[in-house]
Structure formats: C-alpha cells, structure tokens
Colleague: 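Just passing along the structure, written as structure tokens.
Bear in mind that the values here come from a model prediction, so they are computed numbers and not experimental data. Residues take their numbers from the sequence shown, with the count starting at 1.
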Amino acid sequence: MLRRHALMGLAGAALAFGFCGSALAEDTVKIGLILPMTGPSASTGREIEAAVKLYMQQNGDKVAGKKIEVITRDDTGQADITKRLAQELVVNDKVAVIAGFGLTPLALAAGPIATQAKVPAVIMAAGTSMIVDQSPFFVRTSFTLPQNTTPMAEWAAKNGIKKVVTLVSDYGPGIDAEKAFKDKFTADGGQVLDSLRAPLRNPEFAPFLQKAKDLKPDALFLFVPSGFGASLMKQVSERQFKEAGIQVIGTGDVLDDEQLNGMGDVVLGMITSMNYSAAHDSPENKKYVADFEKANPNMRPNFMSVGGYDGIGLIYKALEKTGGDTTGTKLLDAMKGLSWTSPRGPISIDPDTRDIVQNVYIRKAEKKDGQIYNIEFATIPNVKDPLHGKK
Ligand code: VNL
C-alpha cells in the first residue's frame, strides 16, 4: 500500500514536472550548436562559439517574446558523433534549429536528420558547394569554395600569371577549389600544369611542395581548411618559392586570421581571395572586431566567426518574421531571401538555393600597426556559388 502510494506520488510529480517542462518549452526556443570544440579543427569551434555568444550579448536572448537557449555540443570533428548529437538534440532536447558543422563531412552527416525532422540546419562553416543540395532544410551562412576561388583565378589570369600548379586538401572543399580554379583560369587562357592533393588528416606537404616547385609554374595555388594554414606556410617557407620566383596564391582559408599573425614574413605580399578579413574597412566590422577582441582577449575573429555570427543572426531574424513560431517549414521559409549588412559586407540568402550571396575580396597580406592582416584591395560584389546549376 505504502509503496503504491509512493509510486503514485512519484508519477504525479513526474506529471506536474512534465507539465511545467512543456509550458517552459513554449517560451524557450532551443538551438543546437554542434561544433568541433576539440580535435584538429577546434579553432573553428572556438571562433564560432565566441561569435554566437557575442551576437547574443549584443542583441539579448529574447526574440518575439521567446527566450533563446543555445545548447553547444562538441562533435570532436567526427561525423558519426555529429549525427548522434543532431539526433539527440532534435529528439530529446526538441531544438527548433540545429547549426554549426565545422567541416563538410560533419554537415553531410546532419543532413538526413534535418530532413526527417523538418528542422532547419544552419551551416556556419562548411564550404563544399553541393552540401545545400543534400537537404531542403540546409541553409548556409559560411561560403563556398567555388565562390571564394573563382575571383582568385580571374585575378591571376589578369596579372601576368600563365602557369599554375594547384595544391589542395583531398576532400570536398579542396576538390571544389581545384575545379573552380582550373575552370576559370583555363577559360581565361591560363594553364594548370598539375593538380596536387594532400591528405586532410596529418598532411605531409613536403613531397607535394617539392613536386610543385620542380614544375616551375608562375604561381602555386593553395587551399587547406581553417587551422591548417600555419603548418602549410611553414613548409612553403622552407621550400623557398619566393626565392625561386614562384608566386604563392590561394584562398583566404590558408591565411586564416586566427593564425595569420604568427605565420611570419613568408606570408607578406601574398595574395588571396576570401569573403572576410578582420581588416575589412567598414563601421560594422570595426565594431565587430573591437567587441569580439574585448570579449575574447588574444583572439582575432576569422571568416569562421562571421559564419557563426550571421548564422545566429539569421535564426533571430527568421524568428522575428514568424512572430516566434518555431515550425521548421515556417522558419525555413522566413530565412529564404533575408538580407542584411554583416561585418563582412552585404549578404543575402538566395531563396532558390538557400546558399549565401556575398562579396568576395582580393587581399594582400601586409603589416599594419605591427600585426599581419589581409588588406582588401578589390571587391567582387554579390557573388553566388558558381557551381550551382552546373553539376
Ligand atoms: C571546410 C571548408 C572547412 C573551408 C574549413 O575549415 C574551411 C569544409 C575548417 O567544408 O570542410 O576553411
């Protein structure tokens, strides 16, 4: 008897708690942020998490009468963990949106969960063109490699470079960069002598760099993901490309602001193309960099950080538009076509592809106030991913 009462009491408490829980859930919008906070891409996780926190500091944690709660989870950069975390966040935590995804394979792992649960998935970091085609619930606030690479190929062809060797990390975004560079550069009359691919994990660049140097190109084009640029540039420096009269160019992933200042003189004068530089000259960016560096001493915001900052911004703006309605399809529709001024410049979400449209800048690595920055000197406005519709 006693035991039965005790059990009933427990059940009653559980019911009451459950009721409270769901009433609370209606006032709170949960966002699952899945990032590599440890492992080889931890800097990407740190930058994005810091930027999301900054946005919430600046804009508050209430939108359309709802409280925003971000739940951050570390996938350590492994796709099976990303998938499990996405599932747990959707099923157990009932998040309205999942977001983050530090690398292409991690974003791809979350796609089926977003599709099945009809939950928008905001890609804040990954850059392989085809990702957004893999789920109708994907929306991207980062960039694509073809978007950032094509202007570099155009600049090279216009600036006396005739023969290039490309060297990229051997996975989705690297292969996109290789193809985008070759397509545009050869269309503009240039020649790609060889397309080299180094393994993504624990890359040993030396044999590839030696091969590239032996081919005597006018320029070496590089892509490695965020966090790998410093070790690549150290080996580039040891091979003495500058001294051999070979110009080194690349996407801005290589000269990532997070590591750039420690790379040394080898990078000075190097030309890259990218969607963001911490030195971008606008009032929005000056405030962004100052606030970011104040909240995170010894950290400089990089292109990953703005993917996170604008990603959470996109979720806020969509919630404002739906009046706080978190139905997945409604949030997704609200995201399509949104446009605003980011620290990187004007951006919008293409309503047809759910991919970001943004300026791409050509930059030169230079010393400014004793620190190394990528100084923008040319702007290619409103660039869409050039591979879309051409696959
Ligand atoms: C990817 C592309 C990752 C560009 C990156 O850094 C990057 C990706 C982590 O799609 O995996 O700089």
Colleague: Apply side-chain hydrogen bond (donor to acceptor under 3.5 Å, both in side chains) to Lys330 and list each qualifying residue two or more places apart in sequence or on a separate chain.
Modeller: Asp325
Colleague: Mind checking the OH-CG spacing from Tyr309 to Leu314? Nearest 0.5 Å is all I need.
Modeller: 14.0 Å
Colleague: Count the heavy atoms of every other residue, nucleotide or ligand shown that sit under 6.0 Å from CG of Asn92, and state whether that count exceeds 12.
Modeller: yes
Colleague: For the NZ atom on Lys317, are there more than 12 heavy atoms of other groups (residues, nucleotides or ligands in this structure) within a distance under 6.0 Å?
Modeller: yes
Colleague: Quick check on Lys163: does its NZ atom have over 12 non-hydrogen neighbours (other residues, nucleotides or ligands) under 6.0 Å away?
Modeller: no
Colleague: Using a 3.5 Å distance criterion without hydrogens, assess whether the side chain of Asn382 forms a donor-acceptor pair with backbone atoms of Gln358.
Modeller: no
Colleague: When rounded to the nearest 0.5 angstrom, what distance separates CG in Leu103 from OG in Ser41?
Modeller: 4.0 Å
Colleague: Run the salt-bridge test on Lys336 and Asp352 with the 4.0 Å N-O cut-off and return the result as yes or no.
Modeller: no
Colleague: For the CD1 atom of Ile131 and the CG atom of Asp176, what is their distance to the nearest 0.5 Å?
Modeller: 8.5 Å
Colleague: Check whether Tyr288 forms a cation-pi arrangement with Arg344 (NZ or CZ under 6.0 Å from the six-membered ring centre, at most 45° off the ring normal).
Modeller: no
Colleague: So with a 6.0 Å cut-off around NZ of Lys53, is the heavy-atom count from everything else above 12?
Modeller: no
Colleague: List the atom pairs, donor and acceptor, that lie under 3.5 Å between side-chain atoms in residues 222-247 and the rest of the protein, sequence neighbours left out.
Modeller:
| unit_1 | atom_1 | unit_2 | atom_2 | d |
| --- | --- | --- | --- | --- |
| Ser226 | OG | Asp256 | OD2 | 2.4 |
| Ser231 | OG | Phe228 | O | 3.3 |
| Lys234 | NZ | Glu238 | OE2 | 3.3 |
| Gln235 | OE1 | Phe205 | N | 3.4 |
| Gln235 | OE1 | Ala206 | N | 3.1 |
| Arg239 | NH1 | Gln210 | OE1 | 2.5 |
| Lys242 | NZ | Leu268 | O | 3.1 |

